[in-house]
Amino acid sequence: MTPERKKENKQPFRQVLSNNLFLIGLCFSASPAFVIFPVLDAVRNQVSIFFEHTVGIGYVLEAAEFHYPFRRVAAVILLLFVCISVGMVFTVWVGDYVREKEAPKVRRKIKLMLYDKAKDLDLACYDNPEYYNEMVLAIAEVDKQIDRCIEFLSNLFAGLATFITTGIYFVRKDGPSILFAVGSFLLTFVFMQAYNKLSYRIRIARNPQERKREYVKRVFYLPDYAKEMRLNPDVSDILYREFDAANEEIINIEKRNAKKHFLYSFVANYIGNDFFCDVIYIAYLVLKATVWGTLSFSGLAILYHSFGRMKRSMRVFTDTYPFACESSLYIQKIRGFLEYESGITSEENLTPDDRAKDVHVRELSFSYRKTGEELLKKIDLDIRPGEKIALVGYNGAGKTTFVKLLMRLYDPDSGRIEMGGHDIRAYEPDSFRRSIGVVFQDFKIFAGTVAENVVMEPLQGGEEERIREALSDSGLLKRIDAMERGLDSFLTTEIRDDGINLSGGEAQKLAIARVFYRNAGLMILDEPSSALDPIAEYQLNHAMLTATRDKTVIFISHRLSTTRIADRIIMLENGRVAEEGTHEELLALNGKYARMWQVQAGAYQ
């Protein structure tokens, strides 16, 4: 384990308390009843057990030993029976009604908070494997930690209720018995804390391997991979090797920690608990009752019987605090995730207008990792309002990275981008991105209606005409009209069985319709026709020119036939602008673009 990880596992008491109270506070804000009633029931249950098993049974044994009147004993037992019955009704109400009714509210609120934060994360977070692992762990753990939060509170107050009631009884009956419970407490506390910290370290060490196993599982059951797996069945051997390697590493992690795990558990559970109770303490009670004669036999029986409860109540300190420490380590990840602040901010918070954008790029450089090779290197570029620009170049030239910087999904390492006379860092990020229409090569179709997939926000009413116009411009309207429910047709079968799965070309047209619908001043299309047939591509190109005649358009394409419609072509190579000009100018230049064109055109000659 690294020194950084060891440092992370050492938490001061204030941090443990703060983290647990943080999650308890979230649960309470979602549903006070979800937090309060289980705690009340836990306290009621322990008080009820005390009167039933300690006071009640002790009273009956004393009555038999000292010959109390039957009527008096019967009255006490009847009173206990009524009180316990009422308490059991309360338990059923809390367990079957309050928990079942309120738990979904709590989970919904906290998960929505996580999802809302996830959509605002900087893309750089996804490029950081360590942060991404922490984010996945935080989201995966939230349900479990909500349950542990209530369990922590219930155990804490139940233990305190038992400790107070049973402690008062012990002080009244035999004060020195408390010392035996304290001895058990101290020994168990130390070793249980070590046990729980080791359990957490094992969980963290297993996490990367668990993620690998989860990936293999997804590959075998998700429809995304179904065709490839059947066409290439031998690829499963590669996945099996990864799965076996992950399993082997998990086994090795468990083996490396098995001896310590066993030792901590043995001392905490056997020496600290069973040995103190069943050997040392019982010997002390027998000595008091038979040799010294200072304890009645009914008192001996009740003290021994109650010592188990006293010992378990002391575990509110031995178990609950390490339990809270372990929860705190996970809650810290959830809390850190929720408290994450985007690094892409704006001090001026300017709002861009919808007019065609002019773009000025100066000395722009960028790499995804601060110590890695730069993907863009001191790029200078000017784009006039309304100009149609095509970005071309081989894979890895930096084309998609460039448009990500234009949209301020990342900030450059050096240099600047200006739009509308301002550095784009002066604009409020969300409004700035909404002022740009974009479709990336790896776009996604969401589980929702056609209309929702075009608008990409909750429908307000009155958008139908604009939606139909956008679908018409992208060439998809006839296909949508042929569907039984038209714009209300549900897409994908992820949520609904009657959902419709679009073909690759149809899905691409839908994604392009999103750009047309937005009617932004700057439109960016990354491989807008890669899944279209030549006729559909030709129709799209002309529709694009018509729909965007007064807009600034930047599109990336490997099909150079598409780039002919551009006012200017910019070729990137190794992160730099290699050539720029019109199609005819670049052919006349007989440079890199001309060679790409000749290679593609040659396939048709």
Side-chain angles (χ1 to χ4, degrees), residues 13-53 79-119 137-166 196 309 312-313 315-317 319-339:
F13 173 77
R14 180 178 295 180
Q15 182 181 350
V16 173
L17 180 64
S18 174
N19 285 336
N20 280 275
L21 288 178
F22 171 79
L23 187 56
I24 290 169
L26 289 182
C27 294
F28 188 85
S29 66
S31 171
F34 180 76
V35 177
I36 294 172
F37 283 107
V39 172
L40 290 178
D41 183 56
V43 172
R44 180 219 60 78
N45 185 53
Q46 294 306 315
V47 172
S48 177
I49 291 173
F50 170 72
F51 278 100
E52 180 183 357
H53 291 268
L79 179 62
L80 283 174
F81 173 78
V82 172
C83 292
I84 291 169
S85 298
V86 172
M88 292 175 66
V89 171
F90 181 78
T91 295
V92 171
W93 178 73
V94 170
D96 292 348
Y97 179 73
V98 174
R99 291 290 295 271
E100 294 298 323
K101 177 174 177 285
E102 301 300 318
K105 294 181 183 178
V106 175
R107 288 183 170 83
R108 177 181 181 276
K109 176 174 180 176
I110 296 178
K111 284 187 175 180
L112 285 178
M113 291 174 66
L114 289 168
Y115 299 157
D116 193 54
K117 177 59 69 171
K119 73 178 178 62
L137 184 62
I139 294 175
E141 282 288 325
V142 68
D143 277 348
K144 181 179 177 181
Q145 296 311 318
I146 289 171
D147 292 336
R148 284 175 65 95
C149 151
I150 299 303
E151 185 181 353
F152 162 69
L153 275 182
S154 299
N155 289 344
L156 175 64
F157 282 92
L160 290 174
T162 303
F163 180 73
I164 292 170
T165 54
T166 309
N196 281 289
R309 294 193 68 246
R312 287 189 294 274
S313 75
R315 292 179 69 170
V316 70
F317 306 104
D319 287 357
T320 303
Y321 182 70
F323 182 92
C325 287
E326 183 179 353
S327 292
S328 173
L329 291 167
Y330 292 106
I331 295 170
Q332 182 61 46
K333 298 184 185 301
I334 297 171
R335 188 175 186 177
F337 179 66
L338 288 173
E339 293 176 351

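If you read the sequence from its start, that first residue is 1, and numbering goes on from there. Predicted model only: the values in this text are computed from it and were never measured.
- The distance from atom OG of Ser18 to atom CZ of Phe13, rounded to the nearest 0.5 Å, is 11.0 Å.
- Val92 is not listed as a side-chain neighbour of Met88, based on a closest heavy-atom distance of 4.5 Å or more.
- Side-chain contact between Glu151 and Phe323: present, with at least one pair of heavy atoms (C-beta onward) separated by less than 4.5 Å.
- Residue Ile334 comes nearest to Val142 through the heavy atom pair CD1-CA, 4.0 Å, listed as atom of the first residue, atom of the second, then distance.
- Using a 4.5 Å heavy-atom cutoff, the side chains of Val39 and Leu156 are not in contact.
- Not counting sequence neighbours, Lys109 has no partner by the salt bridge (charged side-chain N to carboxylate O under 4.0 Å, His left out) test.
- Under the side chain to side chain contact (heavy atoms under 4.5 Å, CB included) criterion, Val43 pairs with Val47, Phe157, Ala161, sequence neighbours left out.
- The closest side-chain heavy-atom distance from Val89 to Val86 is not below 4.5 Å.
- The side chain to side chain contact (heavy atoms under 4.5 Å, CB included) test applied to Leu40 returns Ile36, Phe37, Phe90, not counting sequence neighbours.
- Atom-to-atom distance recorded for Asn196:CG and Glu326:CD is 5.0 Å, nearest 0.5 angstrom.
- Here Gln46 pairs with Thr162, Arg309 under the side-chain hydrogen bond (donor to acceptor under 3.5 Å, both in side chains) rule; sequence neighbours left out.
- Taking Phe22 as the reference, nothing meets the ring-ring contact (aromatic ring centres under 6.0 Å, His included) condition, with sequence neighbours excluded.
- Atom CG of Leu79 and atom CZ of Phe51 lie 9.5 Å apart (nearest 0.5 Å).
- Note: Leu21 CG to Ile331 CD1 = 9.5 Å, rounded to the nearest 0.5 Å.
- How far NZ of Lys333 is from CG of Leu338: 14.0 Å, rounded to the nearest 0.5 Å.
- Between Ile110 and Leu23 the shortest side-chain heavy-atom distance falls below 4.5 Å.
- In this structure, Phe28 has no ring-ring contact (aromatic ring centres under 6.0 Å, His included) partners at least two apart in sequence or on a different chain.
- When side chains are defined from C-beta on, Pro38 does not count as touching Leu153, because their heavy atoms never get closer than 4.5 Å.
- Applying the salt bridge (charged side-chain N to carboxylate O under 4.0 Å, His left out) rule to Asp143 yields the partners Arg107, Lys111; only residues at least two apart in sequence or on another chain are considered.
- The distance from the CD1 atom of Ile24 to the OG atom of Ser29 is 12.0 Å, given to the nearest 0.5 Å.
- In this structure the side chain of Val16 reaches within 4.5 angstrom of the side chain of Tyr321, judged on heavy atoms.
- Among residues two or more places apart in sequence or in another chain, the side chain to side chain contact (heavy atoms under 4.5 Å, CB included) test is passed with Glu102 by Ser31, Ala33, Phe34, Val98, Lys105.
- With sequence neighbours excluded, the residues satisfying salt bridge (charged side-chain N to carboxylate O under 4.0 Å, His left out) with Glu339 are Arg335.
- Evaluation of the side-chain hydrogen bond (donor to acceptor under 3.5 Å, both in side chains) rule for Ser154 yields no partner, not counting sequence neighbours.
- Annotation for Val106 and Ile146: closest pair CG1-CG2, 4.1 Å, computed over non-hydrogen atoms.
- Contacts classified as salt bridge (Lys or Arg N to Asp or Glu O under 4.0 Å) and involving residues 37-48 (residues at least two apart or in different chains) are given here: Asp41-Arg44.
- Residues that satisfy the side chain to side chain contact (heavy atoms under 4.5 Å, CB included) test with Ala118, not counting sequence neighbours, are Phe337.
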